[in-house]
Protein chains: 2
Amino acid sequence: MASKNREMPDPAFRPHDHSRCRRKVLAAASRHARDQGLRLTPVRRRVLEILLENHRAMGAYEVLERLAREGWGAQPPIAYRALDFLARHGFVHKVRRLNAYVACTRSTHSDPPLLLICRACGRVGEAEGAGISREIGAIAGARGFSVERLGVEALGLCPACAADGGAGA
Amino acid sequence: MASKNREMPDPAFRPHDHSRCRRKVLAAASRHARDQGLRLTPVRRRVLEILLENHRAMGAYEVLERLAREGWGAQPPIAYRALDFLARHGFVHKVRRLNAYVACTRSTHSDPPLLLICRACGRVGEAEGAGISREIGAIAGARGFSVERLGVEALGLCPACAADGGAGA
DNA sequence: GTAGTAATGTTATATTATAACTTGTAATAT
DNA sequence: ATATTACAAGTTATAATATAACATTACTAC
């Protein structure tokens, strides 16, 4: 077992072999789509690839611009529909604080992650949120509230930027 | 001690003496502003009052419309500036999932709450998030990420709407 | 191959938010 | 009291984000 993710810092914040990282996620996504009977069509796949180019979140219009330059439709719904599909099925996460989208790089597309947003470099990491989710569910449940969807976003400084003094990336 | 809030369901989801609820919060806000040297000016106070009319979140333009009808400026910055001020100082919370604002009804304006958003009736409750915040801080910290701001939003059904079968309010 | 369904393309517009500058108001120092 | 300063409110304009509605194309099941 080469990696035991539980106590590893998120790769998003460390130098790593990103082209491998990207390929792995994409392959996993393809498999997941096939298994679930989801249609990971060319645009959708391309949007995922674009988001996977780095660990930053991109706005819908930024994605759209890329698509347009590559010959896809140039109207907002093109990007929004692909992003909505990807988000609905857990391939990407919507970062509400940024009105932007980031590719999910975790192995599971099920439970919602804890998003770690670096305010200096803009990179977004994901921590497993299962424990937190359970706990929040319990707190809410004690108040009679049943949680259906959960979003947890932390804004702060990633290790690298904290080392830089928090000023820049 | 009349109420021990820790294991009480949020009043937002139960019938209660709302005019008392509202007055209490407003009085506490005034006190807080005075103590902190914050200028709770007429527009700002009025915006807080408007949000306090019920436990739902309102969009900035909805607030603006109210202000305009009451003779205040009718341009977006009027509303946004008041809302930004109130949010910066914890008098209201921005509900990112809704792009809307809800008055904070907790006694403390310090730590970030866990927002409970009912998808059926639109009411928003707040649970104390201190424990959760600590835990998230720990998880992030273990990855070298230092959390500065945290947002936790749960979408689901409040007790009343769950009893209704989740269809309406 | 036809019918039904889902995805894409396109036009138009709605919604949310901010920049930049002007005018007013309140606190502070003299 | 009045000049100075700083902050708040008003105004104009526009930027950024998102969706509705409908036409066309592609895939799927029969």
Side-chain angles (χ1 to χ4, degrees), chain A residues 29-30 33-34 36-51 56-89 91-102 117 122 151 153, chain B residues 29-30 33-34 36-51 56-89 91-102 117 122 151 153:
Chain A
S30 300
R34 182 169 39 64
Q36 304 295 305
L38 302 171
R39 293 173 57 185
L40 193 54
T41 62
V43 220
R44 290 169 176 174
R45 165 176 273 264
R46 186 64 195 123
V47 168
L48 182 54
E49 285 171 2
I50 289 170
L51 288 176
R56 290 178 174 79
M58 287 177 85
Y61 279 77
E62 216 176 333
V63 170
L64 178 60
E65 202 175 273
R66 291 287 304 273
L67 291 177
R69 278 200 270 121
E70 299 176 9
W72 301 93
Q75 307 312 318
I78 298 297
Y80 279 104
R81 284 198 286 233
L83 290 166
D84 286 352
F85 169 88
L86 293 169
R88 235 190 352 270
H89 298 291
F91 297 110
V92 310
H93 304 296
K94 174 154 194 181
V95 186
R96 303 202 104 96
R97 182 176 283 272
L98 306 177
N99 290 326
Y101 302 80
V102 70
I117 308 160
E153 301 185 0
Chain B
S30 300
R34 181 169 39 66
Q36 304 294 306
L38 302 171
R39 292 173 57 185
L40 192 55
T41 61
V43 219
R44 290 169 176 175
R45 165 176 272 265
R46 186 64 195 124
V47 168
L48 182 54
E49 285 171 2
I50 288 170
L51 288 177
R56 290 179 173 78
M58 286 177 87
Y61 280 78
E62 214 176 334
V63 170
L64 178 60
E65 201 174 274
R66 290 288 303 273
L67 291 177
R69 277 200 270 122
E70 298 176 10
W72 300 93
Q75 307 312 318
I78 299 297
Y80 279 104
R81 284 199 286 236
L83 289 166
D84 286 352
F85 170 88
L86 294 169
R88 239 192 346 274
H89 297 292
F91 297 111
V92 310
H93 304 295
K94 175 153 192 181
V95 186
R96 303 201 103 96
R97 181 177 284 271
L98 306 177
N99 291 324
Y101 302 79
V102 70
I117 308 160
E153 302 185 358

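Since this is a predicted model, take the numbers as computed values, not measurements. Every chain is numbered from 1 and lettered A, B, ... according to where its sequence line falls, protein lines coming before strand lines.
Tyr80(A) is listed as a side-chain neighbour of Tyr61(A), based on a closest heavy-atom distance under 4.5 Å.
Across all non-hydrogen atoms, the minimal contact from Leu67(A) to Gly73(A) is CB-O, 4.5 Å. The heavy-atom pair separating Phe85(A) from Arg39(A) by the smallest distance is CZ-O, 3.7 Å. Nearest heavy-atom pair, Val102(A) versus Arg56(A), reported as atom, atom and distance to 0.1 Å: CG2-O, 3.8 Å. Nearest heavy-atom pair, Gly59(A) versus Ala100(A), reported as atom, atom and distance to 0.1 Å: N-CB, 3.9 Å. When every heavy atom of Val95(A) is checked against every heavy atom of Ala57(A), the shortest pair comes out as CG2-CB, 4.1 Å. Between Ala79(A) and Leu64(A), the shortest heavy-atom distance links the atoms CB-CB, 3.8 Å.
Separation of atoms CZ (Arg44(B)) and CG (Leu83(B)) is listed at 11.0 Å; rounding is to 0.5 Å.
For the helix from dG1(C)-dC30(D) to dT30(C)-dA1(D), the end axes, each set by the C1' atoms of five terminal pairs, are bent relative to each other by 40° (nearest 10°).
Residues that satisfy the salt bridge (Lys or Arg N to Asp or Glu O under 4.0 Å) test with Glu49(A), not counting sequence neighbours, are Arg45(A), Arg46(A). Under the ring pair (Phe, Tyr, Trp, His ring centres under 6.0 Å) criterion, Phe91(A) pairs with His32(A), His109(A), not counting sequence neighbours. In this view, Arg66(A) and Glu53(A), Glu70(A) satisfy the salt bridge (Lys or Arg N to Asp or Glu O under 4.0 Å) rule, not counting sequence neighbours.
Following rounding to the nearest Å, Leu83(B) (CG) and dA9(D) (P) show an atom-to-atom distance of 12 Å. Atom CG in Leu64(B) sits about 17 Å away from atom P in dA14(C), given to the nearest Å. Taking atom CH2 on Trp72(B) and atom P on dA8(D), their separation rounds to 14 Å, with Å as the unit. Note: CD1 (Ile78(B)) to C1' (dT25(C)) measures 14 Å, nearest angstrom. For the pair Leu38(B) CG and dA8(D) C1', the computed distance is 14 Å after rounding to whole Å. Spacing between atom CD of Glu65(B) and atom P of dT15(C) amounts to 11 Å, rounded to whole angstrom units. In this entry the distance linking CG of Leu86(A) with C1' of dA7(C) reads 13 Å, nearest Å. Atoms CZ (Arg45(B)) and C1' (dA8(D)) sit 17 Å apart, rounded to a whole Å.
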Handout entry: Base-contact (B) and sugar-phosphate-only (S) positions in nucleotides 25-30 of chain D, heavy-atom cut-off under 4.0 Å, - elsewhere
Key = --S---
Please enumerate all protein N or O atoms sitting under 3.5 Å from an N or O of nucleotides 16-21 of chain C, with distances to 0.1 Å.
from: dA17(C); atom 1: OP1; to: Lys94(B); atom 2: NZ; distance (Å): 2.7
from: dA17(C); atom 1: OP2; to: Tyr80(B); atom 2: OH; distance (Å): 3.1
from: dA17(C); atom 1: O5'; to: Tyr80(B); atom 2: OH; distance (Å): 3.4
from: dA17(C); atom 1: N7; to: Tyr61(B); atom 2: OH; distance (Å): 2.6
from: dA17(C); atom 1: N6; to: Tyr61(B); atom 2: OH; distance (Å): 3.1

